[in-house]
Enquirer: 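I have a structure here, written as structure tokens, and I will follow up with some questions on it.
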Amino acid sequence: MKAHDLIKSVWIITILARSTSVIAAGNPAPVSLSPEGKSGDQFGKGIGMIRTKILILTTAILGTAPSPPLLADASATTETAPPLETRCPEVIGEHAVLQQGIPVPIWGTSVPGAKVSVRFGGQDKTAIADGDGRWRVVLDPMKADRLDSLNKAPKGQTLTIVSELDGEKGIKEFKDVLVGEVWLCSGQSNMAGKVRHNHANQDPKDNLLDSNFPAIRHIAAPGGWNLAVPGSVGDFTRVGFCFARKVQRELKMPIGLVNASTGGSRIESWMRVPPKELPEADAGKKKVTYGGLYRERIVPLIGYGMRGALWYQGEANASEGHSYYLKIQSLIGDWRSSWQQGDFPFYFVQLAGIGRSTVDNPAMGDGRARIREAQRRALGIKNTGMVVAVDIGAEREHPANKVEVGERLAHWAVHHDYDRKEILPSGPLYKDYKIDGDTIRITFDHAQGLMLAEKEDYVPPVPTPDKKLPWLSIRAKDGTWHWAEGRIDGEDLIVSSREIEDPVAVRYAYTNRPLGPYLYNKNGLPASPFTTEVTYGKP
């Protein structure tokens, strides 16, 4: 096309375009929309025909054939107003699990002033959206759905939300919603790690990726709820799934996992503010940001009904001691305050062993010893539980045996929250000590069937009564530490050393990665590393 022809064509198109604008501007009648968003205004169709002709003329001039969808769209002349719509956070959606036995909040946003009705399980709760469009209702406590088979989900119900305003109505439906037990899973990479099959550290007959437990559900934003079936179970947190599977076998009811975990995250990012008791010197050792992941991952979940929280974090704070205790104490209190659901259970994983420990330092205290002690002492916080994982560590981070980590978490829930008292919640936990001459007697909680045993991969611990207990040391009055001998006496441990006559303290497995036999109870759960000292600073 010659230059003067192109200029002439553009001039014609411009005149036509201006004509449609003038006509539209002179139309005194506003465009009305039906509740479905369709225009009943015929004038708009005339404008659409003119615009279509412009498009055809442009195509003829430029020699480009428009695609059929473009021509079809040309007749739609007026943008339609959105229907009356209600939005909910992602955690409220299809295939969700709602917490049994407690009031269950359901919330979202709609048009300010809209009447919002929530219908589920025979209940009908209403609220009026406030000036910002926010609304909230609370469902009455409900009974859990029961499972006839672990491999078959019960028939779910539909959660229906209806918004009404000025004669308009918007309806949102979430199908296949179950009622059962809900747990929040949070922390860093060892919690974020997804389901996979690892033959070296897992029973080869137990391929998690083949799991078919459709009443175990999981959500990790962004995204919706998934079912624990082949093809989708691989997106679950592995620790959380192994926890849920064991709990479901005991309860025969749906289990929901709400996954808010981020690899490499420090505990500070999950907290809003530093603990008040944190020494200013400790707070300033390293530049850290508080509250980032709390706002991003926790705030959208606050209020969702749940039984409790599972926490696997600390690797990013591994060099800390008492400061970590202060932080986790603050985090637990803040989360409980945020949820307004009382002192819900908070179960956490004590850091596993990593690397190698030297055998020529009876004082130990290296690597992760102090943060493990801080985690152990966090058991003094109301309604908490701790999984010991020192026996299933690895040379590097991310120990592969997550199956037993999840199942050990389940021991706490099954014992404390689901009243299976015959199942011990934990391995032996240091309780107290008593000096008797040149020996120190150590007493434990949960030490029924106290034994020395060795463990390898997924195989249960094998008793080794003829071996000596390693990684046990005793301190003399002069402050020196010496390797010690341990003798099991019922549920107690008697500690002594031929080198000293005036012992004052004991340390057990108080090092980065102690290898060898460990203390276990009759359920094959390991004893926690500990020191009897009041303080647990640097050695």
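In this chain, residues are counted from 1 in sequence order.
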Enquirer: Might you work through the side chain to side chain contact (heavy atoms under 4.5 Å, CB included) test for Tyr312 and Leu409, ending with a clear yes or no?
Expert: CA-CA 10 Å; Tyr312 194 166; Leu409 279 167; over 6 Å; no

Enquirer: Quick one: side chain to side chain contact (heavy atoms under 4.5 Å, CB included) partners of Asp343, sequence neighbours excluded?
Expert: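 Result, side chain to side chain contact (heavy atoms under 4.5 Å, CB included) vs Asp343: Arg336, Lys382.
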
Enquirer: Let me have the donor-acceptor pairs involving side chains of residues 136-143, under 3.5 Å, with sequence neighbours excluded, atom names and distances please.
Expert:
unit_1: Asp140; atom_1: OD1; unit_2: Lys125; atom_2: NZ; d: 3.3
unit_1: Asp140; atom_1: OD2; unit_2: Lys125; atom_2: NZ; d: 3.2

Enquirer: Do other residues, nucleotides or ligands put more than 12 heavy atoms under 6.0 Å from Asp148 CG?
Expert: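 No.
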
Enquirer: Does Val388 form a side chain to side chain contact (heavy atoms under 4.5 Å, CB included) with Leu525? I'd like the steps, not just the answer.
Expert: CA-CA 8 Å; Val388 178; Leu525 299 173; over 6 Å; no

Enquirer: Do Leu84 and Asp166 touch side chain to side chain, with heavy atoms closer than 4.5 Å?
Expert: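 No. Closest side-chain heavy atoms not under 4.5 Å.
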
Enquirer: For the residue pair Leu310 and Met191, what are the closest heavy atoms and their distance?
Expert: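 Scanning both residues, the minimum pair turns out to be O-CE, 3.7 Å.
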
Enquirer: Search all heavy atoms of Ala192 against all heavy atoms of Gly263 and return the closest pair with its distance.
Expert: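 Heavy atoms only, the tightest pair is CB-N, 4.4 Å.
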
Enquirer: Would you call Ile392 and Pro399 a side-chain contact if the rule is heavy atoms closer than 4.5 Å?
Expert: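 Contact flag for Ile392/Pro399 side chains = no.
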
Enquirer: Quick one: closest heavy-atom pair of Ala96 and Tyr304, and the distance?
Expert: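 Looking at all heavy atoms of both residues, the closest pair is CB-OH, 3.8 Å.
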
Enquirer: Test side chain to side chain contact (heavy atoms under 4.5 Å, CB included) on Phe236 and Ser211 and set out the steps.
Expert: CA-CA 11 Å; Phe236 282 44; Ser211 298; over 6 Å; no

Enquirer: Looking at NE2 of His411 and CZ of Arg420, how far apart are the two atoms once the value is rounded to the nearest 0.5 Å?
Expert: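 His411 NE2 to Arg420 CZ: 13.0 Å, rounded to 0.5 Å.
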
Enquirer: Could you pull out every donor-acceptor pair under 3.5 Å between side chains of residues 103-111 and any protein atom, sequence neighbours left out?
Expert:
unit_1: Ser110; atom_1: OG; unit_2: Glu85; atom_2: O; d: 3.4
unit_1: Ser110; atom_1: OG; unit_2: Ser163; atom_2: OG; d: 3.4

Enquirer: Who pairs with His95 by ring-ring contact (aromatic ring centres under 6.0 Å, His included), at least two apart in sequence or on another chain?
Expert: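 With sequence neighbours excluded, His95 shows a ring-ring contact (aromatic ring centres under 6.0 Å, His included) to no residue whatsoever.
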
Enquirer: Taking the side chain as C-beta and beyond, is there a heavy-atom pair between Cys242 and Val405 under 4.5 Å?
Expert: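 Result no, sub-4.5 Å side-chain heavy-atom pair not found.
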
Enquirer: Which residues pass the ring-ring contact (aromatic ring centres under 6.0 Å, His included) test with Phe348, sequence neighbours left out?
Expert: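 In terms of ring-ring contact (aromatic ring centres under 6.0 Å, His included), with neighbours along the sequence ignored, Phe348 is linked to no residue.
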
Enquirer: Give the ring-plane orientation class for Trp339 versus Trp335, where under 30° counts as parallel, over 60° as perpendicular and anything between as tilted.
Expert: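 Answer is tilted, since the angle falls between 30° and 60°.
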
Enquirer: Mind checking salt bridge (Lys or Arg N to Asp or Glu O under 4.0 Å) for Glu173 and listing every partner two or more places apart, or none if nothing turns up?
Expert: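 Residues passing salt bridge (Lys or Arg N to Asp or Glu O under 4.0 Å) with Glu173: none at all.
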
Enquirer: In Å, rounded to the nearest 0.5 Å, how long is the span from CG of Leu331 to CD of Gln329?
Expert: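 Rounded to the nearest 0.5 Å, the CG-CD separation comes to 11.0 Å.
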
Enquirer: Can you tell me how far NE2 of His197 sits from CG of Asn207, rounded to the nearest 0.5 angstrom?
Expert: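 Spacing of CG (Asn207) from NE2 (His197) equals 4.5 Å.
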
Enquirer: For the residue pair Ala410 and Val247, what are the closest heavy atoms and their distance?
Expert: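 Closest heavy-atom pair between Ala410 and Val247: CB-CG2, 3.8 Å.
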
Enquirer: Only distances under 3.5 Å count here; give the side-chain donor-acceptor pairs of residues 177-189 to other protein atoms, sequence neighbours excluded, each with its distance to 0.1 Å.
Expert:
unit_1: Glu181; atom_1: OE1; unit_2: Arg307; atom_2: NE; d: 2.8
unit_1: Glu181; atom_1: OE1; unit_2: Tyr418; atom_2: OH; d: 2.5
unit_1: Glu181; atom_1: OE2; unit_2: Gln99; atom_2: NE2; d: 2.9
unit_1: Glu181; atom_1: OE2; unit_2: Gln100; atom_2: NE2; d: 2.7
unit_1: Glu181; atom_1: OE2; unit_2: Arg307; atom_2: NH2; d: 3.0
unit_1: Trp183; atom_1: NE1; unit_2: Tyr418; atom_2: OH; d: 3.1
unit_1: Ser186; atom_1: OG; unit_2: Ala260; atom_2: O; d: 2.6
unit_1: Gln188; atom_1: OE1; unit_2: Gln313; atom_2: NE2; d: 3.1
unit_1: Gln188; atom_1: OE1; unit_2: Gly314; atom_2: N; d: 3.3
unit_1: Gln188; atom_1: OE1; unit_2: Glu315; atom_2: N; d: 3.3
unit_1: Gln188; atom_1: OE1; unit_2: Ala316; atom_2: N; d: 3.1
unit_1: Ser189; atom_1: OG; unit_2: His398; atom_2: NE2; d: 2.7

Enquirer: Report yes if some heavy atom in the side chain of Glu277 is under 4.5 Å from a heavy atom in the side chain of Tyr325; otherwise report no.
Expert: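 Answer no - side chains too far apart.
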
Enquirer: Inspect the contact between Arg134 and Asp132 and indicate whether a charged nitrogen and a carboxylate oxygen are less than 4.0 angstrom apart.
Expert: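 So Asp132 pairs with Arg134 through a salt bridge.
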
Enquirer: Might you point out which heavy atoms bring Met271 and Ile267 nearest each other, and give the distance in Å?
Expert: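 Result for this residue pair: CG-O, 3.4 Å.
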
Enquirer: How would you list, by chain and number, every residue that makes a salt bridge (Lys or Arg N to Asp or Glu O under 4.0 Å) with Arg377, sequence neighbours excluded?
Expert: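 Once residues adjacent in sequence are excluded, the partners of Arg377 under the salt bridge (Lys or Arg N to Asp or Glu O under 4.0 Å) criterion are Glu373.
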
Enquirer: If only atom types and distance count, is the side chain of Thr384 paired as donor or acceptor with the main-chain N or O of Ile381 below 3.5 Å?
Expert: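 Yes, because the side chain of Thr384 sits within donor-acceptor range (under 3.5 Å) of the backbone of Ile381.
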
Enquirer: One pair to check against side chain to side chain donor-acceptor pair (under 3.5 Å): Glu268 and Asn317. What are the steps and the verdict?
Expert: CA-CA 9 Å; Glu268 293 89 345; Asn317 299 79; 3.2 Å; yes

Enquirer: Go through the structure and list residues passing side chain to side chain contact (heavy atoms under 4.5 Å, CB included) with Thr262, not counting sequence neighbours.
Expert: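 Ser265, Trp270, Leu293, Arg297.
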
Enquirer: Counting distance only, does the side-chain N/O of Thr158 pair as donor-acceptor with the main-chain N or O of Thr160 below 3.5 Å?
Expert: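 Not a single qualifying donor-acceptor pair exists.
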
Enquirer: Is it the case that over 12 heavy atoms from other parts of the model lie below 6.0 angstrom from the NZ atom of Lys421?
Expert: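 Yes, the 6.0 Å shell around NZ holds more than 12 heavy atoms from other groups.
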
Enquirer: Show me the pairs that pass side chain to side chain donor-acceptor pair (under 3.5 Å) and involve residues 222-248, at least two apart or across chains.
Expert: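 Matches after skipping sequence neighbours: Asp206-Arg245.
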
Enquirer: Treating Glu164 as the side-chain partner and Lys115 as the backbone partner, does any N or O pair qualify as donor plus acceptor under 3.5 Å?
Expert: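 No: the side chain of Glu164 does not pair with the backbone of Lys115.
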
Enquirer: I'd like to check the salt bridge (Lys or Arg N to Asp or Glu O under 4.0 Å) partners of Asp334; sequence neighbours left out, ordered by chain and number.
Expert: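 In terms of salt bridge (Lys or Arg N to Asp or Glu O under 4.0 Å), with neighbours along the sequence ignored, Asp334 is linked to Arg272.
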
Enquirer: About how many Å separate OH of Tyr458 and CG of Asp203, when rounded to the nearest 0.5 Å?
Expert: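 Here the rounded value is 5.0 Å.
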
Enquirer: Should the ring pair Tyr347 and His416 be called parallel, tilted or perpendicular, given that the plane angle runs from 0 to 90° and is split at 30 and 60?
Expert: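 If you compare the ring of Tyr347 with that of His416, the planes turn out tilted.
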
Enquirer: Does any part of the side chain of Asn212, heavy atoms only, come nearer than 4.5 Å to the side chain of Asp210, both counted from C-beta?
Expert: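 Not touching, per the 4.5 Å side-chain cut-off.
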
Enquirer: If you measure from CE on Met306 to CZ on Phe344, what distance do you get to the nearest 0.5 Å?
Expert: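 These two atoms lie 3.5 Å from each other.
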
Enquirer: Give the minimum heavy-atom separation between Ile161 and Val118, together with the two atoms involved.
Expert: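 Between these two residues, the closest heavy atoms are CG1-CG2, 4.3 Å.
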
Enquirer: Would you confirm whether His218, through its side chain, and Leu257, through its main-chain N or O, come within 3.5 Å as a donor-acceptor pair?
Expert: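 Such a contact is absent between His218 side chain and Leu257 backbone.
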
Enquirer: Looking at Arg87, I want to see if its CZ is surrounded by more than 12 non-hydrogen atoms of other residues, nucleotides or ligands under 6.0 Å.
Expert: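 Not more than 12 within 6.0 Å, no.
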
Enquirer: Using side chain to side chain contact (heavy atoms under 4.5 Å, CB included), reason through Phe120 and Phe174 one step at a time and then give a plain yes or no.
Expert: CA-CA 10 Å; Phe120 183 79; Phe174 300 118; over 6 Å; no

Enquirer: Please tell me if the side chains of Ile92 and Leu159 come closer than 4.5 Å, counting only heavy atoms from C-beta onward.
Expert: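 A side-chain contact exists here, since the closest heavy-atom pair is under 4.5 Å.
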
Enquirer: Are Pro89 and Leu301 close enough that some pair of their side-chain heavy atoms sits under 4.5 Å apart?
Expert: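 Pro89 vs Leu301: side chains apart.
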
Enquirer: According to salt bridge (Lys or Arg N to Asp or Glu O under 4.0 Å), who are the partners of Glu397, at least two apart in sequence or on a separate chain?
Expert: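 Per chain and number, Glu397 pairs via salt bridge (Lys or Arg N to Asp or Glu O under 4.0 Å) with Arg368.
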
Enquirer: Quick check for you: to the nearest 0.5 Å, what is the distance between Asn401 atom CG and Arg408 atom CZ?
Expert: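 If I round to the nearest 0.5 Å, the distance is 7.5 Å.
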
